[in-house]
2 protein chains.
Amino acid sequence: MATTVETSEVTLAVSTVIFALGGEGLRIPLVRRIRQPFEGQWALPGGPILRTEPLEAAAGRNLLETTGLRSTYLEQLYCFGDVDRAPGERVVSVVYWALVRPDEAELAAEGENVRWFTADELPALAFDHNAIVDYALWRLRTKMEYSRIAQAFLGPTFTLAELRQVHEAVLRRPIDPANFRRQIEASKGIIATEQRITGGRHRPPRLYRYDSSVALTDNGPLSTTRNEAPRVIS
Amino acid sequence: MATTVETSEVTLAVSTVIFALGGEGLRIPLVRRIRQPFEGQWALPGGPILRTEPLEAAAGRNLLETTGLRSTYLEQLYCFGDVDRAPGERVVSVVYWALVRPDEAELAAEGENVRWFTADELPALAFDHNAIVDYALWRLRTKMEYSRIAQAFLGPTFTLAELRQVHEAVLRRPIDPANFRRQIEASKGIIATEQRITGGRHRPPRLYRYDSSVALTDNGPLSTTRNEAPRVIS
DNA sequence: CCAAAAGTGTTGAATTTACACCCATGA
DNA sequence: TCATGGGTGTAAATTCAACACTTTTGG
């Protein structure tokens, strides 16, 4: 992946699959390669690993550098190391996946060499990146069913309808609003505020916020106690 | 981890957490380090990555080299890359976890520099290997609840009591035999043979074998179509 | 016959699912 | 007042959990 020096036998890199929710469902940003191999083709944002930088920080950094965004959720996906995944050299890529909020994604830098694609309709990507995205999509959809990562797509407060729409968009199936409400309320991790949204031609929905004392997902002993910053309650 | 050349900025290695079931529950083999750092302390089997060797093959190879065993299940656990996890140099380790059968584990080479330990009572290990084992244990126990990896601890045929005892040993809690039976029978992936075990002072139990057309666990698009070899039905 | 584990049946609780229906708002 | 989603109620279906009971063997 065009990294570091050529003196090492194996090259190590970090790449990141970034998800945001757009009009047509899940969207991910890709960068156009400006050198061989795969020059001109689209690829996942990525780069070399710096000697003194943690892997997760590297993922966050190249996320920031290519899109200008900070993610609300970042997790290691897998380490890809097939011998022939890059022509000529042996590249091992530690891949992370990230979720960003749509309002931030709006501001995202989009230029000649960075473009957002609909996740289910990608062109042929460089390297094995199509397979990587497929796996990231599978993980996201699987995890959506048993964790509360959906909240990472939303701002500090949200209505239950918004949260449900996130689930529906990611899982691509309708969800019963009544059952969804009870399910979420029973699962904890969410706190009702006294605020409501007015202006709609219907009963004003209550706003919720997430309970920052409860982790979005249970990663067992790996949980990096990196809980999101406590939210200011308005 | 004392690998390859020092010309590269970051050293890449593979380690493996190997699980077998022994009398006192889960057991794992460790190797004694014969050089600095952590000389004399116990550590996970591991080694450098060869230029032309797939990561999974490297894990299988150092499993074979240190214990003489081949595993019935091998999966990537996580890639550990904290900056200070090895004194002096930057080492990124791709860690795999493996399951082996007790009958094979019996034959395992155990010498001055290789010893089997009870997984829940490990001494202080080299590097961050205690944390790695904790995470592997969590993954094994979590996965035991929703997949059929328990079968990887058993031979080609087994009774439902044996299968249940694997669950009980790993999860460390008793399981109702009646409910366990129905649960397993409903979940498919297991086939009843016409054979029974005689000789016990009780009704002879039926032998089962696993359905090799059903994967032990659903890893989504990552499944390496590396299904176990079809079993000969006796 | 007795002990022990294999295997089947049954019942109540908990959870899931579908859908009816009332509530509060803006137009 | 009507349309629209917010929010509550409820009952059937399914799954889960506990445990009684019957079966088949060896001693």
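Computed from a predicted model, the values in this text were never measured in an experiment. The chains referred to below are lettered A, B, ... by the order of the sequence lines, with proteins before strands, and numbering in each begins at 1.
When rounded to the nearest whole Å, the span between CD1 of B/I197 and C1' of C/dG7 equals 16 Å. For A/R196 and D/dT4, the CZ to P distance is 22 Å, given to the nearest whole Å. To the nearest angstrom, P of C/dT17 lies 14 Å from CD1 of A/I184. In this entry the distance linking CD1 of A/I175 with C1' of C/dT16 reads 14 Å, nearest Å. A/E162 places its CD atom 13 Å from the C1' atom of D/dG6, with the value rounded to the nearest Å. Nucleotide C/dG26 holds its P atom 13 Å from the CZ atom of A/R203, rounded to whole Å. Atom C1' of nucleotide C/dT25 and atom NE2 of A/H202 are separated by 8 Å, given to the nearest angstrom. In this structure, CG of B/L163 is placed 12 Å from P of C/dA6, rounded to the nearest angstrom.
Remark: B/Y135 pairs with B/Y78, B/W138 by the ring pair (Phe, Tyr, Trp, His ring centres under 6.0 Å) rule, at least two apart or across chains. Residues that satisfy the side-chain hydrogen bond (donor to acceptor under 3.5 Å, both in side chains) test with B/R141, not counting sequence neighbours, are B/D120. Partners of B/F153 according to the ring pair (Phe, Tyr, Trp, His ring centres under 6.0 Å) rule, which considers only residues two or more places apart in sequence or in another chain, do not exist here. For B/R173, the salt bridge (Lys or Arg N to Asp or Glu O under 4.0 Å) partners at least two apart in sequence or on another chain are B/E145. B/F117 is linked by a ring pair (Phe, Tyr, Trp, His ring centres under 6.0 Å) to B/W42, counting only residues two or more places apart in sequence or in another chain.
No donor-acceptor pair closer than 3.5 Å links the side chain of B/N219 to the backbone N or O of B/L222.
Summary of the strand contacts: B/R201 and B/R206 both lie near DNA chain C, and taking for each the nucleotide with the nearest heavy atom, the more 5' one is attributed to B/R201. Positionally, the nearest nucleotide of DNA chain D for A/P204 lies more toward the 5' end than for the other of B/P204 and A/P204.
Here the closest non-hydrogen pair linking B/P204 and B/R196 is O-NH1, 3.4 Å.
For A/R164 and D/dG6, the shortest distance from a side-chain N or O to OP1 or OP2 is below 4.0 Å.
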Distances for protein N/O vs nucleotides 13-20 of chain D N/O pairs under 3.5 angstrom?
from	atom 1	to	atom 2	distance (Å)
D/dA18	N7	B/N179	ND2	3.0
D/dA18	N6	B/N179	OD1	3.3
D/dA18	N6	B/R182	NH2	3.4

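Closest to the A/R181 side chain, of the nucleotides D/dT8, D/dT4, D/dT24, is D/dT8.
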